[in-house]
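Heads up, the thing below is written out as structure tokens.
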Amino acid sequence: MDTPYYFYDLGLLRRTLEAVRSEADAFNFRVHYALKANSNPKLLSIIRAYNLGADCVSGNEIARALEVGFAPPDIVFAGVGKTDAEIAYGLNHDIFCFNCESLQELEVIDAIAASLGKCANVALRINPNIDAETHHHITTGLNDNKFGIGIGDLGEACDLARRLTHIKMNAIHLHVGSQITNFSVFFDLCVCVNELQRFFEQQNIVLEHINLGGGLGVDYLEPDTHAIADFRGYFSLFDKALERRKNQQVHFELGRSIVAQCGSLMSRVLYVKKTQATEFVVIDAGMTELLRPALYQAVHLIENISRVGEANERKYNIVGPICESSDCFGKDVSLPKTERGDLIAIRSTGAYGETMASEYNLRSKAKAFYSPEP
Ligand code: LLP
């Protein structure tokens, strides 16, 4: 197989989906898969078969979700900068809900819905000013983040929603960040939502749906020990801490925790290059295939598949071929003595790997291969 390529373990994906479904079903929670994590059609068809909804952030993601068989009533549309054409596309397909990020957007959705003779279901995305305690680039719920409507602006948002005749505002949406490993962040989110529920009741607005976003983190350092995220702990925390109202549906938008561990980026060693300062392993995958280390200093487990079990370990800097110094997958990585032609696996790359790839340096897109299905 030509390297670099993505390899997906579909058995692990299925086991993960079984776990998500059974743990969410236990509390009657509805899970929408966040397509931005991985929109590979083969994976999406499997995810769809487990009866998850779809969380989309562009018209093209909605189109992809529809193509692989997600039904419009199972599709939510989020994003701080939806274009008029994307809003019209969502309305024309009668999607379940628009997660609306500003007062201005409420007015635009209302106007477009009016022109199409439609009524849009809208969830107000609220920015709760909660620190997700994750990398600052993937923190979304703080006051200085661009996302959502601040708590101080909610009164005005409710007044506006009451005046607009082509939207139905019956839901709220919150997403405070990604790769969250400290569960107390989710507890704080519940405390905030409980207060918000009281606020909306005072406004005489009935919240039929509460969407709590995604964010559940995965174990990048020990992917084999924790191949499946702690869905039980995650959902049971929400079940305990959230004051649900009767007939209220609670939704989640999980991306990373569903697909991260089933993917590995496979690459060959081009050169082992010794300098005065260090020893580099130059592989044929770069930041064009996996941007996370360059963008977020993300750490992924790196393994030399050609030398499993060999003991003569050394420390290497693992770098790609791209003309950028940030094109580095790891410093001081311990690997058995590595040679040109060895096969390297960069683990836990099923989420935000393929979807964030680019053609920088006119690179070709990496192909995907899959474990055999039973
Ligand atoms: N809902 C909303 C509104 C989001 O913005 C996101 C992710 C999700 C759900 C899914 O979150 P998850 O369950 O995957 O944490 N590229 C970054 C992650 C960016 C996350 C963006 N929003 C990375 O590679 O770490």
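In listed order, ligands and their atoms are each counted from 1.
- Across His32, Lys36, His173, Glu253, heavy-atom proximity to atom 6 (C) of ligand 1 is greatest for Lys36.
- Remark: side-chain polar atoms of Gln203 are not paired, donor with acceptor, to backbone N or O of Phe200 under 3.5 angstrom.
- Shown in contact with Met356 at under 4.0 Å from a heavy atom are these atoms of ligand 1, numbered in order with element: 16 (N).
- In Arg256, the parts holding a heavy atom less than 4.0 Å from any atom of ligand 1 are both the side chain and the backbone.
- Atoms of ligand 1 lying under 4.0 Å from at least one heavy atom of Asp55, given by number and element, are 1 (N), 9 (C).
- Under a 4.0 Å criterion applied to the non-hydrogen atoms of Arg125, ligand 1 contributes the atoms 3 (C).
- Between Phe231 and Ser257 the shortest heavy-atom distance is CZ-O, 3.5 Å.
- Close N/O approach between Ser257 and ligand 1 is not found [any backbone or side-chain N/O within under 3.5 Å].
- Atoms of ligand 1 lying under 4.0 Å from at least one heavy atom of Gly214, given by number and element, are 9 (C), 13 (O).
- By the neighbour-count criterion of 12 heavy atoms within 6.0 Å, atom CZ of Phe183 is densely surrounded, having more than that number from other residues, nucleotides or ligands.
- Within the structure, the closest approach of Gly215 to ligand 1 falls below 4.0 Å when heavy atoms are considered.
- Counting heavy atoms closer than 4.0 Å to ligand 1, residue Phe147 contributes nothing at all.
- Listed by atom number, the atoms of ligand 1 under 4.0 Å from Leu254 heavy atoms are 13 (O).
- Taking every non-hydrogen atom of Gly255 and a distance limit under 4.0 Å, the qualifying atoms of ligand 1 come out as 12 (P), 13 (O), 14 (O).
- Using cut-offs of 30° and 60° for the angle between ring planes, the Tyr370 and Tyr8 rings count as parallel.
- Listed by number with element, the atoms of ligand 1 under 4.0 Å from a non-hydrogen atom of Ala34 are 10 (C).
- Side chain of Arg256 to backbone of Gly215: no donor-acceptor contact under 3.5 angstrom is found.
- In this structure, the side chain of Asn38 engages the main chain of Gly350 through a donor-acceptor pair within 3.5 Å.
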* Worked check of ring-ring contact (aromatic ring centres under 6.0 Å, His included) between Phe280 and Tyr271 -> CA-CA 8 Å; Phe280 291 102; Tyr271 304 100; over 10 Å; no
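- With contacts defined as side-chain heavy-atom distances shorter than 4.5 Å, the pair Tyr89/Ile62 qualifies.
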